[in-house]
> 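One structure coming up, written as structure tokens, with questions to follow.
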Protein chains: 2
Amino acid sequence: MAKGRVVNDIRTLRFLAGEMTQAELGEKIGLTRQTVAAIEQGKYSPSLEAAFRIAQIFGKPLEEVFRWEE
Amino acid sequence: MAKGRVVNDIRTLRFLAGEMTQAELGEKIGLTRQTVAAIEQGKYSPSLEAAFRIAQIFGKPLEEVFRWEE
DNA sequence: ACGTGATGTTATGTATATATAACATTGAGT
DNA sequence: ACTCAATGTTATATATACATAACATCACGT
């Protein structure tokens with residue numbers, strides 16, 4: 001799997017969701033706070049399952065949370 | 001990561017795309033035919049990158065190709 | 001009947017996502 | 001100044017996605 005990367009708006013969405021913490025988000029979807037932090041910072045991109053769950057928490061379609069940049 | 005699974009319409013989309021073969025799809029996105037087959041059959045769900053690429057090939061938004069079933 | 005392309009499948013290895021634990025830093029409140 | 005919650009970060013381990021190679025089956029055309 002080559003070129004292109006996934007970016008996300010998790011930080012902003014947490015902020016808009018009343019300062020939801022990384023740990024809180026992690027609890028809701030079954031990920032640790034360290035994993036949430038890494039995903040949020042783009043150190044690696046989440047599994048499709050994790051991406052769906054995160055989007056669901058914020059009540060947004062997946063493609064409004066994660067975007068593919070060529 | 002627990003409950004719920006990802007389902008997809010790849011088989012149908014390949015058919016609609018003029019009988020595109022698993023190997024052809026694999027070439028276009030940089031996956032092997034075996035991996036395409038496994039994803040298509042739901043043996044495991046793709047990475048977010050792979051999901052974005054596959055959706056892009058079929059000219060569909062990701063959520064029309066992959067769905068989250070609780 | 002034969003050959004061939006598409007798919008299924010399985011085994012083994014590598015890369016990457018995620019968990020866990022530990023420690024550091026930063027910022028807000030008191 | 002002190003505490004404490006939130007976040008950053010790093011090391012090590014496990015789970016899962018993906019590659020590669022090999023072999024089997026199944027349909028289709030000839």
Side-chain angles (χ1 to χ4, degrees):
Chain A
M1 289 290 314
K3 290 263 67 169
R5 60 199 201 109
V6 174
V7 296
N8 71 79
D9 285 344
I10 298 178
R11 185 151 206 150
T12 304
L13 290 168
R14 279 198 301 113
F15 189 84
L16 295 179
E19 301 278 7
M20 180 189 300
T21 189
Q22 291 178 341
E24 282 169 355
L25 177 55
E27 284 167 25
K28 289 177 195 273
I29 62 188
L31 293 179
T32 63
R33 70 168 190 86
Q34 292 93 327
T35 298
V36 170
I39 291 171
E40 185 170 308
Q41 296 169 189
K43 293 197 176 179
Y44 46 72
S45 54
S47 67
L48 191 51
E49 282 91 343
F52 270 119
R53 285 173 174 278
I54 292 170
Q56 186 178 271
I57 293 299
F58 294 120
K60 298 258 182 187
L62 191 152
E63 295 193 323
E64 278 184 34
V65 181
F66 299 93
R67 290 184 306 282
W68 178 250
E69 297 199 344
E70 209 63 44
Chain B
M1 290 289 314
K3 292 263 64 169
R5 59 197 200 110
V6 175
V7 295
N8 71 79
D9 285 344
I10 297 178
R11 185 152 205 150
T12 303
L13 290 167
R14 280 198 300 114
F15 189 83
L16 295 178
E19 301 277 7
M20 181 190 299
T21 188
Q22 291 179 341
E24 282 170 356
L25 178 55
E27 283 167 26
K28 288 177 195 277
I29 62 188
L31 294 179
T32 63
R33 68 167 191 89
Q34 291 94 327
T35 298
V36 170
I39 292 170
E40 186 170 306
Q41 296 168 191
K43 293 197 174 177
Y44 46 73
S45 55
S47 68
L48 191 51
E49 282 91 342
F52 270 119
R53 285 172 173 279
I54 291 170
Q56 186 177 271
I57 292 299
F58 293 121
K60 298 257 181 188
L62 191 151
E63 295 192 325
E64 278 184 35
V65 181
F66 300 93
R67 290 183 305 283
W68 178 250
E69 296 199 344
E70 209 63 44

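Every chain is numbered from 1, with letters handed out A, B, ... down the list of sequences.
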> Using every non-hydrogen atom in the two residues, find where A/Glu64 and A/Asp9 come nearest and quote the distance to one decimal.
O-OD2, 3.9 Å

> Identify the two heavy atoms, one from A/Gln22 and one from A/Ala37, that lie closest to each other, and give their separation to 0.1 Å.
OE1-CB, 3.6 Å

> Could you tell me whether B/Thr32 contacts a base, only the sugar-phosphate backbone, or nothing, with contacts defined as non-hydrogen atoms closer than 4.0 Å?
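Base: the residue B/Thr32, judged by heavy atoms under 4.0 Å, touches a nucleobase.
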
> Can you tell me which nucleotide in C/dA17, D/dC18, C/dT7 comes closest to the side chain of B/Gln22?
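When the side chain of B/Gln22 is considered, C/dT7 is the closest of C/dA17, D/dC18, C/dT7.
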
> Counting only side-chain heavy atoms from C-beta out, which of D/dG8, D/dC18, C/dT18 sits nearest to A/Gln41?
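Output: D/dG8.
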
> Less than 4.5 Å apart, side chain to side chain, heavy atoms only: is that true for A/Pro46 and A/Phe66?
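In short, these two side chains touch, coming nearer than 4.5 Å.
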
> State which residue, out of B/Glu19, B/Glu40, B/Glu24, fulfils the side-chain hydrogen bond (donor to acceptor under 3.5 Å, both in side chains) condition with B/Arg14.
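By the side-chain hydrogen bond (donor to acceptor under 3.5 Å, both in side chains) criterion, B/Arg14 pairs with just one of B/Glu19, B/Glu40, B/Glu24: B/Glu40.
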
> Once you round it to whole Å, what is the distance between C1' of D/dC18 and CD1 of B/Ile39?
8 Å

> Between atom CZ in B/Phe15 and atom C1' in C/dA6, what is the gap in whole Å?
14 Å

> How long is the line joining OH of A/Tyr44 and C1' of D/dT14, in whole Å?
13 Å

> Of the options D/dT7, C/dT9, D/dA17, whose atoms approach the side-chain atoms of B/Lys43 most closely?
C/dT9

> Once you round it to whole Å, what is the distance between P of C/dA17 and CZ of A/Phe52?
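A/Phe52 atom CZ is separated from C/dA17 atom P by 17 Å.
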
> Nearest whole Å is fine: how far is C/dA6 P from B/Glu27 CD?
10 Å

> Could you state the atom-to-atom distance from CD1 of B/Ile54 to P of D/dA17 in whole Å?
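That distance rounds to 13 Å.
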
> Taking only the side-chain heavy atoms of B/Thr21 (C-beta and beyond), determine which of D/dC18, C/dA6, C/dA19 contains the nearest atom.
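Of all the options, the side chain of B/Thr21 is nearest to C/dA6.
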
> Is any side-chain nitrogen or oxygen of A/Arg53 closer than 4.0 Å to OP1 or OP2 of C/dT18?
no

> For the side chain of A/Ala50, starting at C-beta, report the closest nucleotide among D/dC18, C/dT18, C/dT7.
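For the A/Ala50 side chain, the nearest candidate turns out to be C/dT18.
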
> On the nucleotide C/dA17, are OP1 or OP2 found under 4.0 Å from the side-chain N or O atoms that A/Thr35 carries?
no

> Atom CD of B/Glu63 and atom CH2 of B/Trp68: how far apart are they, to the nearest 0.5 Å?
12.5 Å

> Does A/Arg33 make a side-chain donor-acceptor contact with the base of D/dG8, cut-off 3.5 Å?
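Under the 3.5 Å cut-off, the side chain and the base do form a donor-acceptor pair.
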
> Take the protein atom CG of A/Leu31 and the nucleotide atom P of D/dA15, then report the distance between them rounded to whole Å.
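Distance check: A/Leu31 CG to D/dA15 P gives 16 Å.
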
> Phosphate oxygens OP1/OP2 of D/dC18: is one of them under 4.0 Å from a side-chain N or O of B/Ser47?
yes

> So A/Gln34, base contact, sugar-phosphate only, or nothing? Heavy-atom distance under 4.0 Å.
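The residue A/Gln34 makes base contact.
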
> Starting at atom CD1 of A/Ile10, determine the distance to atom P of D/dT7, rounded to an integer number of angstrom.
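After rounding, the gap between these two atoms is 12 Å.
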
